[in-house]
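To start, the structure under review is shown below, and the notes come after it.
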Amino acid sequence: MGAEQFLAAKASEAVAALFGSQVPATSLQVAPTRKEFEGDYTLVVFPLLRISHLAPEATGKAIGDWLVDACPEVASFNVVKGFLNICLSGAYWREALQAIDGDGNYGTLPSTGKTIMVEFSSPNTNKPLHLGHIRNNLLGASVSNILQAGGNKVIKATLVNDRGIHICKSMLAWKQLFDGATPASTGKKGDHLVGDCYVAFSNLLKQQTAQLMEQGMSKDEAEKAAPCMKEAHDMLVKWEQGDSEVRALWEMMNGWVFEGFDQTYRSLGISFDKVDYEHDTYLLGKELVQKGLDMGVFTKDPDGSVWCDLTADGLDRKLVLRGDGTSVYITQDLGTAERRFAQYSLDSHVYVVGNEQDYHFQVLKLILGKLGYDWASQIYHLSYGMVELPEGKMKSREGTVVDADDLIEDMYNEAKATSEESGKLADMPEEEREKLYHMIGLGALKYFILKVDPKKTMLFDPRESIDFNGNTGPFIQYTHARICSILRKAEAEGRSPEVGDVVLNPKEVRLVKLLSAYPSKVQEAADNFSPALLANYSYELAKEFNQYYHDTPILREPDAELLSARLSLISNIARVLRAAMGLLGIELPYRM
RNA sequence: GGUUCCGUAGCUCAGCUGGAUAGAGCAACAGCCUUCUAAGCUGUGGGUCACGCGUUCGAAUCGCGUCGGAAUCACCA
């Protein structure tokens with residue numbers, strides 16, 4: 001049990017004993033005392049005045065006196081206005097550190113018995129991954145880690161959009177304009193090559209559209225009438241008919257893309273437990289449409305199209321099946337959700353998808369609820385904001401899209417340059433150094449993106465974002481490396497970490513206090529799907545350590561017992577930093 | 001126009017289940033490396049928490065309204 005809960009429970013007892021009134025511990029506010037006041041935790045007594053019928057100061061004093069008498073853990077207290085500041089005993093903090101030290105799974109919460117699927121990434125196979133995908137991937141991977149630490153069984157899933165008119169466009173351009181080019185023949189990463197095809201198609205379409213417009217067509221008409229557009233449509237029809245030539249080309253080009261994606265995923269450190277492909281799932285959901293019709297939830301228009309009327313819920317009428325009997329996007333999402341919940345006995349399902357699809361997921365939940373699935377309420381859309389550049393939104397037409405692979409490479413190079421400048425790693429073998437640069441560069445990128453509240457639109461400045469000072473991933477990595485360095489030297493001197501029977505100084509108490517808050521941070525992060533919370537916690541801990549480090553000599557401490565206790569403290573700081581950053585998918589090097 | 005989200009220091013962001021004098025980093029300026037890693041630490045300056053009203057002992061935080069920005073409202077995905 002954390003100190004805050006413990007004190008709230010004790011305060012509840014105090015109120016019962018003093019004022020004869022039952023106040024549940026959960027409704028009492030106990031928070032860490034602000035730096036400028038003396039004490040460890042503060043109980044706000046204002047809400048209790050109604051019960052105590054005393055002035056704020058008197059109420060605080062009464063509870064403080066009771067606590068000091070009744071709890072050996074409470075050493076002293078002071079009251080400022082309506083705030084009761086409580087100091088816990090040295091023994092309490094010593095034991096708290098011992099408890100953390102002795103818990104091999106510190107920060108991993110007890111099992112909830114729940115299975116949660118997290119779907120993220122879900123790329124299209126017609127272009128390489130970009131900065132927006134990076135935010136998606138990092139959020140999805142981190143939230144998966146956090147939910148797992150929160151005691152859930154997590155299934156990481158992705159749904160690859162590998163079919164449809166957009167792929168046919170790339171295929172057509174490749175056939176007509178690329179002269180048999182392959183990733184091997186061009187030395188280009190497969191997803192980039194296919195992306196080039198897609199761009200080539202767009203240019204071709206633009207050309208043909210312009211020609212037709214000169215002949216007097218409107219833009220819409222011209223785009224529809226363009227020969228290349230017709231050919232792409234023909235290709236889609238052939239694909240759906242299972243034409244062997246088209247299918248072979250489709251498989252080959254998708255294969256290139258997957259290989260390219262795999263490489264990007266590997267360098268981001270991302271993996272999936274379950275990969276669905278749209279060519280397998282795009283027909284799902286049709287039987288749900290029939291079910292909806294039978295239930296009277298959907299209605300059929302004269303032209304054969306099927307609709308769900310959501311006007312009573314403040315939304316519009318939503319199409320769930322086209323007049324020609326083919327599915328739309330939501331049809332397959334309904335079917336895929338149904339299949340997943342049944343197949344994996346899911347307790348809940350998180351979708352990491354950009355906020356441009358807020359409406360879609362609102363509708364998805366509503367319709368599933370209307371179809372009678374009670375798990376519909378356990379669907380969560382983790383909606384994240386766009387990533388913008390200093391000059392505004394990324395626009396592929398203007399070529400301002402930040403490519404994922406380029407960005408990862410830039411981060412690596414920046415880490416390399418900064419490290420070489422410091423010259424600290426001269427003795428490290430080349431291979432290890434490269435790994436380290438990757439860890440640092442990626443740490444900076446991941447932290448930069450994950451520390452921001454997902455739902456906010458965030459700004460990415462390519463120049464400033466590659467910063468390694470201040471509230472950044474490398475700062476935390478560096479702090480960890482420093483701690484490890486001290487521990488290495490201590491070990492070489494034959495010292496070992498041991499809490500022992502010492503009295504920790506106030507700064508050390510602050511650090512233990514932070515450490516003991518870790519499990520509740522994990523819980524909070526899991527409840528809110530919030531990596532940002534853990535990022536900011538890690539920074540606070542690292543910063544607090546750095547301040548401590550600067551004015552407390554550790555290895556030069558003459559008292560051997562105190563030295564051992566400090567080693568134990570800092571090794572647990574390193575451990576918690578590793579755990580917290582691990583949940584963000586950021587590795588902490590032991591040296592840098 | 002309807003719905004949803006956002007608005008905190010020059011910039012990027014924390015803080016939001018209501019609590020004490022609103023915090024970091026960057027940028028600027030001034031200090032600290034014969035001492036456990038200076039990717040660090042210390043200090044200075046920088047604020048109408050978009051605006052107004054309400055709720056209450058107390059509001060950046062909750063409610064209503066206004067203004068500003070974004071997303072969305074397809075027989076696209």
Side-chain angles (χ1 to χ4, degrees), chain A residues 26-27 29 31 33-34 36-37 42 44-47 49-50 56 80-83 85 122 124 161 163-166 278 282 301 303-307 313-316 318-324 326-330 332-333 354-360 362-363 383 385-386 388 390 393 415 418-419 421-422 424 440 444 448 451-453 455-461 464-465 467-479 481-490 493 524 527 532-533 535-536 539-540 542-543 546-557 566 570 591-592:
Chain A
T26 47
S27 66
Q29 298 177 49
T33 301
R34 294 179 65 112
E36 54 272 35
F37 297 95
T42 298
V44 183
V45 302
F46 288 109
L49 302 184
R50 201 170 307 197
V80 181
K81 292 193 274 179
F83 300 92
N85 301 319
S122 302
N124 286 342
N161 184 357
R163 52 138 246 131
I165 188 70
H166 52 281
E278 217 187 276
Y282 79 108
D301 273 11
D303 68 353
S305 57
V306 181
W307 299 77
D313 302 283
L315 304 174
D316 300 315
K318 178 78 189 170
L319 180 87
V320 292
L321 199 70
R322 291 193 187 105
D324 63 7
T326 57
S327 323
V328 287
Y329 179 43
I330 196 144
Q332 76 159 294
D333 259 10
N355 64 8
E356 73 269 18
Q357 293 196 34
D358 286 356
Y359 181 77
H360 172 78
Q362 210 182 335
V363 170
S383 162
M386 305 281 109
E388 290 188 357
K393 279 185 230 171
T418 308
S419 301
E421 200 181 325
S422 82
K424 279 181 278 200
I440 296 170
F448 181 82
K451 77 171 178 186
V452 181
D453 179 357
K455 65 175 177 284
K456 288 190 177 175
T457 301
M458 66 174 290
L459 187 112
F460 185 88
D461 187 332
E464 268 181 46
S465 305
D467 195 349
F468 295 170
N469 302 317
N471 188 357
T472 64
F475 169 83
I476 295 167
Q477 291 173 316
Y478 180 66
T479 302
R482 273 178 147 179
I483 295 174
C484 293
S485 169
I486 300 173
L487 292 172
R488 263 197 312 273
K489 289 205 169 147
E493 290 172 18
E524 209 181 331
D527 291 344
L533 214 138
N536 288 302
Y539 176 65
E540 211 181 318
K543 188 165 168 68
N546 270 301
Q547 290 168 357
Y548 170 66
Y549 166 93
H550 270 274
D551 41 41
T552 314
I554 295 170
L555 289 177
R556 278 178 287 118
E557 170 58 47
R566 288 180 172 166
I570 67 170
R591 262 200 72 185
M592 64 185 277

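Chain identifiers are assigned alphabetically (A, B, ...) following the order of the sequence lines, protein sequences preceding nucleic acid strands; residue numbering begins at 1 within each chain. Computation of the quantities below employed the complete heavy-atom set of this structure, encompassing side-chain atoms and omitting hydrogens, waters and symmetry-equivalent molecules.
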Take atom P in B/rC41 and the same atom in B/rG54, then report the distance between them in whole Å.
45 Å
Using 30° and 60° as the class limits, which term best fits the ring planes of A/Tyr329 and A/His360: parallel, tilted or perpendicular?
parallel
On a whole-Å scale, what distance lies between the C1' atoms belonging to B/rC11 and B/rA27?
8 Å
Choosing from B/rC41, B/rU37, B/rA14, which nucleotide comes nearest the side chain of A/Lys543?
B/rC41
If only side-chain N and O atoms of A/Arg482 are considered, is one of them under 4.0 Å from the OP1 or OP2 phosphate oxygen of B/rA38?
yes
Using O4'-C1'-N9-C4 for purines and O4'-C1'-N1-C2 for pyrimidines, with syn meaning within 90° of 0, is B/rC33 syn or anti?
syn
Which part of the nucleic acid, if any, lies within reach of A/Lys424 when heavy atoms closer than 4.0 Å are counted: base, sugar-phosphate only, or nothing?
base
Could you check whether A/Asn85 gets within reach of a base, just the sugar-phosphate, or nothing at all, counting any heavy atom under 4.0 Å?
base
A/Phe83 on top of B/rA20's base, within under 5.5 Å and under 30°?
yes
A/Phe46 over B/rG19, stacked by centroid distance under 5.5 Å, angle under 30°:
yes
Pair assignment for B/rU34, Watson-Crick or G-U wobble, requiring both distances under 3.5 Å:
none
For A/Thr552, which contact category applies under a 4.0 Å heavy-atom criterion: base, sugar-phosphate, or nothing?
base
For B/rC5 versus B/rC26, give the span between their C1' atoms, rounded off to a whole number of Å.
27 Å
Does A/Asn469 have a side-chain nitrogen or oxygen under 4.0 Å from the phosphate oxygens OP1 or OP2 of B/rG40?
yes
Measuring from the side chain of A/Lys456 (C-beta onward, heavy atoms only), which nucleotide among B/rC16, B/rU37, B/rA77 has the closest atom?
B/rC16
